[in-house]
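Small disclaimer: the values here were computed from a predicted structure and weren't measured. Any value given below was found using the heavy atoms of this structure, including those in side chains, with hydrogens, waters and symmetry copies removed. Letters A, B, ... mirror the listed sequences (proteins, then strands); counts begin at 1.
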There are 2 protein chains.
Amino acid sequence: MLSFTEENYLKALHNISEAEGVDLVGTNRLAAALQVKPATANDMLKKLKEKSYVAYEKYGKIKLTDAGAQYAVAIIRKHRLWETFLYQKLEFSWDEVHEVAEQLEHIQSEKLIDKLDKFLAYPAFDPHGDPIPNQKGAIKVRFKTTLLDVAAGASCRMVAVKDNSKLFLQYVANLGLGLNAIIKVVAKQDYDASTQIEVAGKQTSVSEKFASNIFVICNTCKVGQPCPGLRCQV
Amino acid sequence: MLSFTEENYLKALHNISEAEGVDLVGTNRLAAALQVKPATANDMLKKLKEKSYVAYEKYGKIKLTDAGAQYAVAIIRKHRLWETFLYQKLEFSWDEVHEVAEQLEHIQSEKLIDKLDKFLAYPAFDPHGDPIPNQKGAIKVRFKTTLLDVAAGASCRMVAVKDNSKLFLQYVANLGLGLNAIIKVVAKQDYDASTQIEVAGKQTSVSEKFASNIFVICNTCKVGQPCPGLRCQV
DNA sequence: TATCTATGTTTGACTACCCTAACAAATAAC
DNA sequence: GTTATTTGTTAGGGTAGTCAAACATAGATA
Ligand SMILES: [Mn+2]
Ligand SMILES: [Mn+2]
Ligand SMILES: [Mn+2]
Ligand SMILES: [Mn+2]
């Protein structure tokens, strides 16, 4: 049983690797993610190395061990199941769930989380479209690309968000967007890389930054299967 | 926002007062309840006094202030709501819920607990028959007495347990007993103060200790109202 | 009243987590 | 290949929560 804090370090390492697509993480990057100073992160890394949850050499990059990754995935499973519970059963909005799930993810009870999973009918994705690892830590991978990749004239289906910040999530919802929304790309502006979209009959323009944080599949694709033409651009 | 530990001290103080029917608690008693040493409890009491959650003089007895009692009741509300959730929605047995609720009761989110309350349809009692304080901290008081007070020949309805230990709860369930069970007192033995009872057609003998931990109302009483004859002994 | 015992308090020490400031290594720039 | 910058580590210190051991007080006993 790791402490609340130790668990957060493992989760942060996993999240950084995943979000940044890198295997190796630096002390400063980790410290920034956890909002602590590098010295603090360094202390904790020593302890986690001692316990065989991370591997690294002095002045070298950090990696989760298999045990560490497994532990991290278990926490992420809990986090996403709780988010799903809050959203589906307790009427929380998708920008409110994360904050509370940050606390709930540390509750220690195998039985609790497996019963919760059952109660929710074994959901595969959380309210942000992120996959929920199953009891064994397996994740349902699905093909997705960003709104940036969709060509003008084409339609697509929103399946997830990359940015989970409250500000972004509220912005998205205010635009009438949400998971499974059908988005038509009306035009793309070369000048500022903005995208003109149409959602439920209403048109808006979104920035490049915005579009890069919306995950979609093309309208004709099946969820979870790669696009027929390999890239989702029709 | 108090820490996890501070919250446990307030809750323990409240529970001791309630269970023991006393207003003033001693350092040793508190320490024992929290499974820490008196020195530790003493340190924490200083801090809680500083924060105005408890009141006492050096070498004197301890009491919760109004603020302290209010905080304690809020934690107890959370504890009992979570127990109810685990029992009613997640198929936990009544001897399993307490342990997990001990963790869940510290989650900080007003909204979470009020939504949970609504989700459960505002339950008045937890799986052990203990009253659940409402949003304002108000408790539904109800008349109850113990199985010891029921005269031979009389029947009664079980409404709560006093002892919440796993061992006792499992024992009770194994006897076919549970909330709302109808218990007929067949006979009382003067020799060892044991009670012969009949539940669902089956007879058993239970010890004085056992009977003193079963709360009942008489069979003809209405739940929540005092017994016509003032004492529940018909 | 004098003494004994139970109860409560203080002191000093330990671990976990965090910080600042100084330092060392690795990497980038020139 | 030397210097400058970024990155990571160490040393020393702070707070929260815990304990053992010594001490003080209050209450009970004689
Ligand atoms: Mn989240
Ligand atoms: Mn999420
Ligand atoms: Mn309980
Ligand atoms: Mn209970």
Nucleic acid contacts - residues 37-46 of chain B versus DNA chain D, non-hydrogen atoms under 4.0 Å: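 Contacts with DNA chain D under 4.0 Å: B:Lys37, B:Ala39, B:Thr40, B:Asp43, B:Met44.
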
Specify the residues of residues 6-26 of chain B, ordered by number, for which at least one heavy atom lies under 4.0 angstrom from an atom of DNA chain D.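 Hits under 4.0 Å, by residue number: B:Tyr9.
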
So, using side-chain hydrogen bond (donor to acceptor under 3.5 Å, both in side chains) as the criterion, who are the partners of A:His14 when residues are at least two apart?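 A:His14: no side-chain hydrogen bond (donor to acceptor under 3.5 Å, both in side chains) contacts found.
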
Return the value, rounded to whole Å, for the distance between atom [atom1] of [X] and atom [atom2] of [N].
X	N	atom1	atom2	value
B:Leu34	D:dA16	CG	P	18 Å
B:Glu57	D:dA24	CD	C1'	17 Å
B:Asn28	C:dA6	CG	C1'	8 Å
A:Tyr59	D:dG8	OH	C1'	6 Å
A:Leu30	D:dT7	CG	C1'	13 Å

Can you see which heavy atom on A:Phe168 is nearest to which on A:Val161, and at what distance?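 Scanning both residues, the minimum pair turns out to be CE2-CG1, 3.8 Å.
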
Go through the side-chain N and O atoms of A:Asp114 and A:Gln135 and say whether any donor and acceptor fall under 3.5 Å apart.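 Side-chain D/A pair, A:Asp114 to A:Gln135: present.
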
Quick one: is C:dT9 close enough that its OP1 or OP2 comes under 4.0 Å of any side-chain N or O from B:Thr27?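 For C:dT9, OP1 or OP2 has a side-chain N or O of B:Thr27 closer than 4.0 Å.
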
Using a cut-off of less than 4.0 Å, is there contact between a side-chain N or O of B:Lys61 and OP1 or OP2 of C:dG8?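 Yes, within the criterion.
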
Verify the ring-centre separation between B:Phe85 and A:Phe85: is it less than 6.0 angstrom?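 Ring-ring flag for A:Phe85/B:Phe85: true, centres closer than 6.0 Å.
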
Would the A:Tyr171 and A:Phe210 ring centres measure less than 6.0 Å apart?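 Yes, the ring centres sit under 6.0 Å apart.
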
Checking side-chain hydrogen bond (donor to acceptor under 3.5 Å, both in side chains) between B:His98 and each of B:Lys166, B:His128, B:His79, B:Arg80, which is the one that passes?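 Passing option: B:His79.
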
Considering residues at least two apart in sequence or located in another chain, which fulfil the salt bridge (Lys or Arg N to Asp or Glu O under 4.0 Å) criterion with [X]?
X	answer
B:Lys11	B:Glu102, B:Glu105
B:Lys61	none
B:Lys115	A:Glu91

Assign A:Tyr56 to base, sugar-phosphate, or nothing according to its heavy-atom contacts below 4.0 angstrom with the strands shown.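 Sugar-phosphate: the residue A:Tyr56, judged by heavy atoms under 4.0 Å, touches backbone atoms but no base.
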
Looking only at the side chain of A:Lys58 (C-beta and beyond, no hydrogens), which of the listed nucleotides D:dT25, D:dG8, D:dT9 gets closest?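 Nucleotide nearest to A:Lys58's side chain: D:dT9.
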
